[in-house]
> 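Submitted below is the structure of interest, expressed as structure tokens.
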Amino acid sequence: TELFQNQPNPFNARTTIQFNLPTAQKATLTIFDVSGKVLKQYEGDYAKGSHTITIEKSDLPNVGLMYYALETANDRIVRKMIVLQK
């Protein structure tokens with residue numbers, strides 16, 4: 001399982017998060033703040049291969065440093081992202 005840095009980062013309108021799965025499986029992408037509070041969650045049954053999720057700034061209640069995590073049955077990978085004010 002691979003989780004890539006969101007692009008662009010930092011962002012102020014929208015960003016994309018890409019991940020690769022070695023097999024078809026259930027995966028959850030969770031965005032959370034520095035205190036660990038879940039801000040947005042995307043769950044699905046994904047095919048093997050590459051997937052991209054677009055995040056709109058309007059979907060997130062805060063600006064500043066946030067984290068996102070990809071969780072599967074076997075992995076949990078976390079990365080940082082920065083949301084800018086307009």
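All residue numbers in this chain count up from 1 along the given sequence.
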> Hey, what else clusters with Phe4 if you join Ile, Leu, Val, Met, Phe, Trp, Tyr whenever side-chain heavy atoms sit under 4.5 Å?
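Besides Phe4, the hydrophobic cluster comprises nothing; the residue is isolated.
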> The test is side-chain contact (heavy atoms from CB on, under 4.5 Å); show your working for Thr1 and Asn74 and say whether it passes.
CA-CA 9 Å; Thr1 303; Asn74 300 319; over 6 Å; no
> Taking the side chain as C-beta and beyond, is there a heavy-atom pair between Pro8 and Thr15 under 4.5 Å?
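Yes, close enough: below the 4.5 Å cut-off.
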> Going by the rule side-chain hydrogen bond (donor to acceptor under 3.5 Å, both in side chains), which residues pair with Gln25 if we only count those two or more places apart in sequence or in a different chain?
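For Gln25, the residues satisfying side-chain hydrogen bond (donor to acceptor under 3.5 Å, both in side chains) (neighbours in sequence not counted) are Thr23.
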> Which residues pass the side-chain contact (heavy atoms from CB on, under 4.5 Å) test with Asn62, not counting sequence neighbours?
Asp33, Leu39, Met66
> If you round to the nearest 0.5 Å, how far is CD1 of Ile77 from CG of Leu29?
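Those atoms lie 11.0 Å apart.
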> Which residues pass the side-chain contact (heavy atoms from CB on, under 4.5 Å) test with Ala69, not counting sequence neighbours?
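Testing Ala69 for side-chain contact (heavy atoms from CB on, under 4.5 Å), a comparison that skips the adjacent residues, returns Phe32, Arg76, Val78.
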> Give the minimum heavy-atom separation between Tyr67 and Lys80, together with the two atoms involved.
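Minimum heavy-atom contact is CE2-CG, 3.3 Å.
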> To the nearest 0.5 angstrom, please state how far the CD1 atom of Ile53 sits from the OG1 atom of Thr16.
10.5 Å
> Is a side-chain N or O of Lys57 found less than 3.5 angstrom from the main chain of Val63, in a donor-acceptor match?
no
> How close do Glu71 and Thr30 get, counting heavy atoms only, and between which atoms?
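Result for this residue pair: OE2-OG1, 4.4 Å.
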> Which residue pairs pass the salt bridge (charged side-chain N to carboxylate O under 4.0 Å, His left out) test with at least one member in residues 15-27, sequence neighbours excluded?
none
> List in chain and number order the residues that pass salt bridge (charged side-chain N to carboxylate O under 4.0 Å, His left out) with Arg14, two or more places apart in sequence or in another chain; answer none if no residue qualifies.
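So Arg14 forms a salt bridge (charged side-chain N to carboxylate O under 4.0 Å, His left out) with Glu56.
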> Give me the atom names and distance for the closest heavy-atom approach of Met81 to Ile31.
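Nearest pair, atom of Met81 first, then Ile31: CE-CG2, 3.6 Å.
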> Using side-chain hydrogen bond (donor to acceptor under 3.5 Å, both in side chains) as the criterion, list what pairs up with Thr72, not counting sequence neighbours.
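With neighbours one apart ignored, the set is empty.
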> Where the side chain of Tyr68 meets the backbone of Ile17, is there a donor-acceptor pair that is under 3.5 Å apart?
no
> Quick one: hydrophobic cluster around Val38, which other residues, with the 4.5 Å side-chain cut-off, linked directly or via members?
none
> Distance-only check: which donor-acceptor pairs under 3.5 Å involve side-chain atoms of residues 42-52, not counting sequence neighbours?
from: Ser50; atom 1: OG; to: Gln18; atom 2: NE2; distance (Å): 2.7
from: Ser50; atom 1: OG; to: Asn20; atom 2: OD1; distance (Å): 3.3
from: His51; atom 1: NE2; to: Ala47; atom 2: O; distance (Å): 2.6

